[in-house]
Participant: 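The structure follows.
Just so it is clear, the structure is predicted and the values come from calculations on it, not from any experiment. Within every chain, numbering begins at 1; the chains are lettered A, B, ... in the order of the sequence lines, protein sequences first and strands thereafter.
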2 protein chains.
Amino acid sequence: MSHSVYGRLMSVDRTQVLRTAATLLSRKATATMDEVARAAGIGRATLHRHFAGRDALVRALEQMCIEEAEAALDAARIEEGPADEAVRRLVAASEPAAPLLAFLVTENQLFEGDGQNEGWARLDARLVALFRRGQEEGTFRIDLSPAWLCEAFYGLIGSGAWAVADGRVAANDFSYMIAELLLGGARRSVEK
Amino acid sequence: MSHSVYGRLMSVDRTQVLRTAATLLSRKATATMDEVARAAGIGRATLHRHFAGRDALVRALEQMCIEEAEAALDAARIEEGPADEAVRRLVAASEPAAPLLAFLVTENQLFEGDGQNEGWARLDARLVALFRRGQEEGTFRIDLSPAWLCEAFYGLIGSGAWAVADGRVAANDFSYMIAELLLGGARRSVEK
DNA sequence: TTCAGGTGAGACAAAGATGTCTCATTCGGT
DNA sequence: ACCGAATGAGACATCTTTGTCTCACCTGAA
């Protein structure tokens with residue numbers, strides 16, 4: 001028996017398919033399974049062999065997004081050092097997952113059903129904890145709630161991903177722009 | 001012949017239907033015409049009488065969004081006074097159009113077709129001009145491009161609208177949170 | 001009351017998407 | 001070269017959505 005990196009004999013890269021699907025679906029949420037398959041460069045039948053249907057595809061996207069976001073949180077070591085630097089590290093670490101997040105942030109449909117993935121709650125909790133820590137340490141202002149900062153973080157990651165995808169901003173500036181705006185805002189400041 | 005406020009004998013409020021549709025579609029982009037009709041409290045047939053199809057509905061949404069956004073730009077008098085205060089006024093004036101913008105920001109599908117509404121270019125131009133003016137006047141930092149500030153503005157309006165709709169933040173805090181984050185960021189500053 | 005215009009509900013066919021299947025082909029390992 | 005596994009293309013039935021139509025009902029104005 002032969003094995004690839006992921007333990008299966010195969011040619012389609014599940015991860016790559018999901019990334020492509022995320023990019024397409026964030027641009028056109030009503031895209032059909034056929035369009036998703038074509039965008040990923042595979043046949044509709046093959047797509048169906050890997051994901052039972054549209055719902056299963058979105059669920060897989062959700063799962064992958066949560067895993068990558070949690071990996072980013074781990075990699076950024078958000079519990080360490082000043083909160084603002086932790087946010088900077090987190091933005092940078094979130095860049096690979098940005099297209100995924102851009103899609104899922106808008107797919108609020110996921111939060112209607114009965115069994116919503118508990119991963120989102122974990123993510124939110126860790127992110128809120130980070131902003132709360134920053135407030136308690138005096139790094140972040142206290143008149144903006146951690147919940148809102150959390151939302152803004154998601155929103156800016158999504159906006160950044162779209163802006164880069166559309167070529168309105170350079171990919172290299174991704175994390176700088178997001179972190180700077182989130183932390184310092186647009187107004188010119190006397191400090192730093 | 002009888003006339004209502006809008007010059008037609010009628011009972012359905014076109015504007016209200018569009019607002020409801022925007023709210024629903026921003027939460028569930030794949031909603032059917034029937035779901036949109038139910039959400040608006042009208043029959044599917046009636047919805048069809050007013051909007052020939054899903055495409056026409058989205059186009060009407062787009063047009064309404066552009067009109068309201070331009071009205072907000074006018075009402076905020078963004079050419080007057082300090083740029084940061086102009087942004088504050090603009091955010092406040094944009095609040096009524098927020099659910100509309102939240103939907104259309106994510107409906108990138110609109111920017112694929114051949115005939116995309118030129119209203120977006122007008123909007124972008126005015127917004128970019130505002131941020132550029134702020135930079136030239138020394139109010140805004142120059143290391144964040146006007147194009148990115150423009151994107152971030154849209155993104156934060158959308159995030160704010162969702163956060164309010166989901167009850168994660170109070171509706172009263174809408175414009176304060178957005179304007180403060182966009183202008184000042186999360187980091188505590190020595191000024192002000 | 002009368003009446004015209006608007007509406008909701010349902011029926012209906014057409015169009016599109018989905019899920020499943022078969023078969024020829026290609027690719028990687030042996 | 002061989003062979004098994006996976007793929008792409010296409011056919012197919014089914015389900016959903018869409019667009020259109022009819023008809024009964026309601027409402028406001030005369």
Participant: Would you find a donor on one side and an acceptor on the other, under 3.5 Å apart, between the side chain of Thr23(B) and the backbone of Arg19(B)?
Facilitator: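 Confirmed, Thr23(B) side chain pairs with Arg19(B) backbone.
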Participant: Answer yes or no: does atom CZ of Arg133(A) have more than 12 heavy-atom neighbours from other residues, nucleotides or ligands under 6.0 Å?
Facilitator: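 Yes - once you tally the heavy atoms of other residues, nucleotides and ligands closer than 6.0 Å, there are more than 12.
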Participant: Could you tell me which residues satisfy salt bridge (charged side-chain N to carboxylate O under 4.0 Å, His left out) with Glu85(A), sequence neighbours excluded, listed by chain and number?
Facilitator: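 Checked Glu85(A) against salt bridge (charged side-chain N to carboxylate O under 4.0 Å, His left out); zero matches.
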Participant: Taking NZ, NE, NH1 and NH2 as the nitrogens, is one of them in Glu35(B) or Arg38(B) under 4.0 Å from a carboxylate oxygen of the other?
Facilitator: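 Not counted as a salt bridge, because no side-chain N and carboxylate O are separated by less than 4.0 Å.
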Participant: May I have the list of side-chain donor-acceptor pairs in residues 152-163 of chain B shorter than 3.5 Å, sequence neighbours left out?
Facilitator:
{"unit_1": "Tyr154(B)", "atom_1": "OH", "unit_2": "Asp124(B)", "atom_2": "OD1", "d": "2.7"}
{"unit_1": "Ser159(B)", "atom_1": "OG", "unit_2": "Gly155(B)", "atom_2": "O", "d": "3.1"}

Participant: Over how many whole Å does the gap from Glu35(B) atom CD to dT16(D) atom P extend?
Facilitator: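 To the nearest whole Å, that distance equals 13 Å.
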Participant: Between N or O atoms, less than 3.5 Å apart, protein on one side and nucleotides 18-24 of chain C on the other: list the pairs.
Facilitator:
{"unit_1": "dT18(C)", "atom_1": "OP2", "unit_2": "Met33(A)", "atom_2": "N", "d": "3.0"}
{"unit_1": "dG19(C)", "atom_1": "OP2", "unit_2": "His48(A)", "atom_2": "NE2", "d": "3.1"}
{"unit_1": "dG19(C)", "atom_1": "N7", "unit_2": "Arg44(A)", "atom_2": "NH1", "d": "3.2"}
{"unit_1": "dG19(C)", "atom_1": "O6", "unit_2": "Arg44(A)", "atom_2": "NH2", "d": "2.8"}

Participant: Salt bridge (charged side-chain N to carboxylate O under 4.0 Å, His left out): which pairs involve residues 145-166 of chain A, sequence neighbours left out?
Facilitator: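 Non-adjacent pairs meeting salt bridge (charged side-chain N to carboxylate O under 4.0 Å, His left out): Glu151(A)-Arg168(B), Asp166(A)-Arg168(A).
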Participant: Return the nearest nucleotide to the side chain of Thr46(A); candidates are dA9(C), dG8(D), dA9(D).
Facilitator: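 The closest nucleotide is dG8(D).
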Participant: Rounded to the nearest Å, what distance is computed from the CZ atom of residue Arg38(B) to the P atom of nucleotide dG8(C)?
Facilitator: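 Interatomic distance, CZ of Arg38(B) to P of dG8(C): 9 Å.
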Participant: Can you tell me how far P of dT7(C) sits from CG of Asp13(B), to the nearest Å?
Facilitator: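 The distance from CG of Asp13(B) to P of dT7(C) comes to 11 Å, rounded to the nearest Å.
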Participant: Nearest whole angstrom, please: distance from the P of dG19(D) to the CZ of Phe51(B).
Facilitator: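 So the CZ-P distance, Phe51(B) to dG19(D), works out to 14 Å.
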Participant: Round to the nearest Å and state the distance from Leu57(B) atom CG to dT17(D) atom P.
Facilitator: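 Nearest whole value for this atom pair: 16 Å.
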Participant: Distance check: side-chain N/O of His50(A) vs OP1/OP2 of dT7(D), anything under 4.0 Å?
Facilitator: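 Checking His50(A) against dT7(D): at least one side-chain N or O falls below 4.0 Å of OP1 or OP2.
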Participant: Could you list the residues that satisfy salt bridge (charged side-chain N to carboxylate O under 4.0 Å, His left out) with Arg141(A), not counting sequence neighbours?
Facilitator: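 So Arg141(A) forms a salt bridge (charged side-chain N to carboxylate O under 4.0 Å, His left out) with Asp143(A), Glu180(B).
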Participant: Heavy atoms, side chains only, cut-off 4.5 Å: are Phe51(B) and Arg14(B) in contact?
Facilitator: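 Yes. Closest side-chain heavy atoms under 4.5 Å.
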Participant: So what is the end-to-end bend of the helix from dT1(C)-dA30(D) to dT30(C)-dA1(D), with 5 pairs used at each end and the value given to 10 degrees?
Facilitator: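 So the angle between the two local helix axes works out to 30°.
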